[in-house]
Protein chains: 2
Amino acid sequence: MEDEIVSKKSVVDYKKSQYRRGVLAELYQSGLSTLAQLAKGLHSSVPSMTNIVEELVEEKWISTFGTAVGNHGRRPVLFGLNPQNKYIIALDVSTHDTKAVVMNLQRDVVYRKEVDLRLEDTSQFADNLLTLTENVLTESGLKPSDFIALGISMPGLIHFQSGMNLTYRRINHSDDSLGSWISEKTNLPVFVVNDTKATVLGEHRFGLARGKKHVLAINIDWGVGLGIILNGDIFQGASGFAGELGHIQVDPEGELCHCGKVGCLDTITSATSLMRRVRRGLKEGRASKLSAYLEKIDQIDIENVIEAARQGDSFAIDILYEVGTELGKGLSIAVHLFNPEIVIVDGIVVKAGAFITNPIGQAINKYCLSDFRSDLSIEISQLGEKAKWIGIHAYVLDQVISSL
Amino acid sequence: MEDEIVSKKSVVDYKKSQYRRGVLAELYQSGLSTLAQLAKGLHSSVPSMTNIVEELVEEKWISTFGTAVGNHGRRPVLFGLNPQNKYIIALDVSTHDTKAVVMNLQRDVVYRKEVDLRLEDTSQFADNLLTLTENVLTESGLKPSDFIALGISMPGLIHFQSGMNLTYRRINHSDDSLGSWISEKTNLPVFVVNDTKATVLGEHRFGLARGKKHVLAINIDWGVGLGIILNGDIFQGASGFAGELGHIQVDPEGELCHCGKVGCLDTITSATSLMRRVRRGLKEGRASKLSAYLEKIDQIDIENVIEAARQGDSFAIDILYEVGTELGKGLSIAVHLFNPEIVIVDGIVVKAGAFITNPIGQAINKYCLSDFRSDLSIEISQLGEKAKWIGIHAYVLDQVISSL
DNA sequence: CTTAGTATTTAAAATAATTAATAAATAACG
DNA sequence: CGTTATTTATTAATTATTTTAAATACTAAG
């Protein structure tokens with residue numbers, strides 16, 4: 001019954017809704033646009049755009065930003081997403097801490113909080129994350145009605161359809177996903193996205209990969225993740241698991257991985273395993289500046305290794321080289337399969353700069369067919385940790401807009 | 001100047017053109033549709049569709065196919081692509097022969113020819129292919145004006161933007177691609193597509209993978225190729241090279257590949273290398289029914305091996321098992337990266353049936369994370385060689401329609 | 001400082017597309 | 001076998017959108 005009422009006038013409504021979404025998406029990407037630009041971009045006319053835009057201004061989605069300068073003739077009015085009235089919360093969850101960021105529609109950070117909440121596979125974690133969220137809601141000083149959505153990025157296999165994190169199953173409350181549980185409690189739409197996918201989306205929309213059609217972003221952190229942009233969109237695969245590079249087998253005689261298989265790329269290249277090999281090497285008596293840490297060997301961390309490499313420590317350099325080579329080998333597989341225009345390297349390891357990118361580049365040269373390399377550039381992320389918040393923001397806004 | 005005339009009335013023209021393409025695409029997929037179905041599918045109204053459809057009938061693109069049966073009420077008129085007046089030539093080029101097929105818009109084969117023209121890296125090949133094309137044009141008995149386009153599928157890295165085959169560079173006339181050269185000579189639009197990509201498109205549009213969003217099709221032939229459908233579309237990558245599974249390294253101490261690298265998957269799993277190992281095994285005196293061929297060892301071919309396996313020959317079974325396992329290993333990498341819903345096995349080796357699919361399935365079970373396997377089905381192509389023609393047809397028609 | 005030139009905005013007219021209404025076709029039912 | 005219910009096709013009326021034209025706003029040149 002209700003369905004029939006909705007389907008009345010359906011065609012007109014559908015088209016209008018398409019235009020509304022189009023305008024918001026366009027303004028999100030462009031920052032500021034004139035009516036003429038919007039009309040052209042959406043294959044519509046200026047008077048039509050005037051209508052749509054007026055409506056969206058009314059609803060506080062967009063606002064005017066003065067007029068454009070420079071050209072001859074009458075200066076056109078600029079429109080952009082409203083920097084007030086509507087806010088998004090981004091929770092960047094990892095295994096070592098959690099960051100909460102409140103942003104307006106223009107991605108300006110209006111509130112930030114970093115807490116010592118580590119992702120672990122317990123139901124307690126969900127409770128803590130909810131508490132954090134509620135704290136952010138009040139501490140930010142904004143009206144509850146000003147928040148339009150909450151985005152959470154975290155590692156793990158996140159089932160696209162249900163939002164369940166299958167790697168950390170206990171954080172889901174019974175058969176409800178963490179996301180829908182928090183959504184219920186906070187009365188906000190919640191979107192959960194894999195951290196690497198958020199990162200690549202950030203890099204694609206507002207970073208180095210802007211405007212590229214096919215992008216790979218490799219994120220080297222506590223594990224290895226591959227974020228993929230295809231045809232300008234984040235690529236999820238059938239269930240949301242696409243890009244699981246960390247668990248392809250690279251060494252049949254390698255170490256046992258936590259996933260249960262043997263010789264996964266993760267067992268060689270993740271920061272965890274890198275540190276394991278550093279400690280083993282030091283214990284075996286390898287000559288290195290890092291030997292100074294021998295007594296307190298558990299306190300040594302990856303930044304120490306990178307620092308040592310910078311100072312010319314050959315043990316540290318070797319270790320990084322080894323990791324970079326294996327990463328490059330894994331990446332060349334992905335390059336052969338995806339044929340991207342650009343590969344972005346991201347994560348903790350980027351602090352190692354050329355110590356890690358050189359071997360990656362070398363391995364790609366060695367293991368990739370030349371035709372794949374000719375139009376391919378390999379870059380280090382410039383957005384850094386911001387890429388993730390921006391990616392969450394873009395992901396959430398995409399979802400919100402498309403549900404409008 | 002002309003540009004300005006075109007851009008007059010541009011928005012209206014654009015929308016109409018969108019509808020026209022939409023109707024053709026819809027009818028191509030559905031076979032037959034009613035006005036109401038078209039209107040619903042394209043978010044438009046019945047009177048509008050009536051207009052568009054009338055125009056397309058006028059232009060001989062579509063025609064009526066009586067009325068639908070079964071329902072109450074007045075029976076709706078069915079429309080479908082016109083089976084007369086417009087034809088497509090598909091050339092299926094491989095390293096062992098070339099097939100030419102003329103099809104109408106409904107994919108009915110109206111003329112077929114198989115010639116002993118083998119793909120080789122010479123300019124002579126281009127001349128021969130042109131001759132073949134011209135013969136087909138005349139021998140088919142159709143009016144030249146009835147042909148709307150020519151599609152060519154062939155192995156190799158085919159540069160998406162230029163249509164150049166980079167694996168067989170000499171078939172291109174100077175700096176003109178084979179495709180545009182033939183196009184010039186025949187006055188027909190020509191589209192060149194990689195054979196594996198054509199196959200997966202065929203399987204997706206009218207085969208086992210119909211309606212699936214993400215599909216991998218592995219084609220085991222003189223080499224290994226991976227065809228990829230993502231979000232319902234053929235995935236080309238930045239330059240058209242996506243899916244090059246054959247040249248990922250699987251064995252650092254393996255054989256030298258013709259591509260210049262070492263231990264490519266191709267060196268283990270292609271039909272060529274399979275035969276090499278069969279011959280080597282026989283020479284080394286492995287017990288096998290195939291030993292009967294020892295004197296004429298060069299005449300033995302893959303079908304003999306498969307036949308031997310069917311008869312229980314354990315050497316043949318072992319060889320196929322080995323190949324299947326390596327293929328499965330390679331495929332699991334692709335599964336981890338693409339997270340598809342279905343994997344289709346295609347090519348010569350399918351005649352081996354379970355002898356090849358069992359080890360593939362087993363390897364996927366062994367090397368894939370369980371979450372990737374739960375919704376994944378592995379099937380053997382049912383379309384067989386037809387998949388490629390149908391894929392060429394679909395590819396060509398997609399291109400023609402989108403240029404309308 | 002005025003005027004010519006350029007471009008946007010607003011308003012009005014023309015066109016196109018949708019919805020609503022009516023006519024036509026067909027199966028089910030009494 | 002005719003009537004009714006149901007569905008589709010066609011036409012008319014209404015609504016929406018585009019196009020055209022006029023008005024406005026601004027730059028730059030004389």
Side-chain angles (χ1 to χ4, degrees), chain A residues 3-23 26-27 30 32-58 62-80, chain B residues 3-23 26-27 30 32-58 62-80:
Chain A
D3 231 72
E4 267 182 44
I5 292 170
V6 172
S7 72
K8 291 270 177 191
K9 283 212 161 206
S10 63
V11 175
V12 174
D13 280 2
Y14 174 84
K15 289 183 179 171
K16 183 164 196 174
S17 160
Q18 287 278 92
Y19 279 133
R20 287 167 51 99
R21 288 180 227 166
V23 167
E26 180 82 25
L27 290 179
S30 68
L32 297 173
S33 296
T34 68
L35 286 174
Q37 286 168 342
L38 289 171
K40 191 162 191 185
L42 298 174
H43 299 284
S44 178
S45 67
V46 172
S48 286
M49 282 303 106
T50 312
N51 265 343
I52 304 280
V53 164
E54 259 171 15
E55 204 178 285
L56 289 169
V57 169
E58 195 75 22
I62 67 185
S63 53
T64 58
F65 287 78
T67 52
V69 288
N71 282 334
H72 296 240
R74 176 166 174 176
R75 290 170 168 173
V77 177
L78 289 167
F79 293 90
Chain B
D3 231 69
E4 267 181 44
I5 291 171
V6 172
S7 71
K8 292 268 178 192
K9 286 210 159 206
S10 63
V11 175
V12 174
D13 280 1
Y14 174 83
K15 288 184 179 171
K16 183 164 198 174
S17 160
Q18 286 278 91
Y19 278 134
R20 286 167 52 98
R21 288 181 226 166
V23 167
E26 181 82 24
L27 290 179
S30 67
L32 296 173
S33 295
T34 68
L35 287 173
Q37 286 168 342
L38 289 172
K40 191 161 191 186
L42 299 173
H43 298 284
S44 176
S45 67
V46 173
S48 287
M49 283 302 106
T50 312
N51 267 344
I52 304 279
V53 165
E54 259 170 15
E55 203 177 286
L56 288 169
V57 169
E58 195 77 23
I62 66 184
S63 54
T64 57
F65 287 78
T67 51
V69 288
N71 282 335
H72 294 237
R74 178 168 172 174
R75 290 170 172 174
V77 177
L78 289 167
F79 293 91

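Chain A is the first sequence line, chain B the second, and so forth, proteins listed ahead of strands; every chain is numbered from 1.
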To the nearest Å, how far apart are [X] [atom1] and [N] [atom2]?
X: B:Met49; N: D:dT8; atom1: CE; atom2: P; result: 16 Å
X: B:Tyr19; N: C:dT18; atom1: OH; atom2: C1'; result: 10 Å
X: B:Gln18; N: C:dA16; atom1: CD; atom2: P; result: 17 Å
X: A:Arg20; N: D:dT17; atom1: CZ; atom2: P; result: 13 Å
X: A:Glu54; N: D:dA16; atom1: CD; atom2: P; result: 15 Å
X: B:Lys15; N: C:dT18; atom1: NZ; atom2: C1'; result: 13 Å
X: B:Leu42; N: C:dT18; atom1: CG; atom2: C1'; result: 15 Å
X: A:Asp13; N: C:dT18; atom1: CG; atom2: C1'; result: 12 Å

Are side-chain heavy atoms of [X] and [Y] found at a separation under 4.5 Å?
X: A:Ser48; Y: A:Tyr19; answer: no
X: A:Gln37; Y: A:Lys40; answer: no
X: A:Leu78; Y: A:Thr67; answer: no

Handout entry: Backbone of A:Glu26 reached by a side-chain donor or acceptor of A:Ser30 within 3.5 Å
Key =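 Yes; at least one donor-acceptor contact below 3.5 Å.
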
Practice task
Would you mind classifying the nucleic acid contact of B:Ser44 as base, sugar-phosphate or nothing, using non-hydrogen atoms under 4.0 angstrom?
Solution key: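 It contacts sugar-phosphate atoms only.
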
Problem - Non-neighbouring partners of B:Arg20 that pass side-chain hydrogen bond (donor to acceptor under 3.5 Å, both in side chains), sequence neighbours left out - result: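 For B:Arg20 the side-chain hydrogen bond (donor to acceptor under 3.5 Å, both in side chains) partners, ignoring immediate neighbours, are B:Glu55, B:Glu59.
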
Exercise for the section: Search all heavy atoms of B:Ser44 against all heavy atoms of A:Val11 and return the closest pair with its distance. Expected result: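 Looking at all heavy atoms of both residues, the closest pair is O-CG2, 3.9 Å.
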
Practice task
Report the nucleotide, chosen from C:dA11, D:dT11, D:dT17, that has the shortest atom-to-atom distance to any side-chain atom of B:Pro47.
Solution key: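 So the side chain of B:Pro47 is nearest to D:dT11.
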
Strictly under 3.5 Å: I want the nitrogen or oxygen pairs between protein and nucleotides 6-9 of chain C, one per line.
unit_1	atom_1	unit_2	atom_2	d
C:dT6	O2	A:Gly73	N	3.4
C:dT8	O2	A:Arg74	NH1	3.4
C:dT9	OP1	A:Val77	N	2.8
C:dT9	O4'	A:Arg74	NH1	3.4

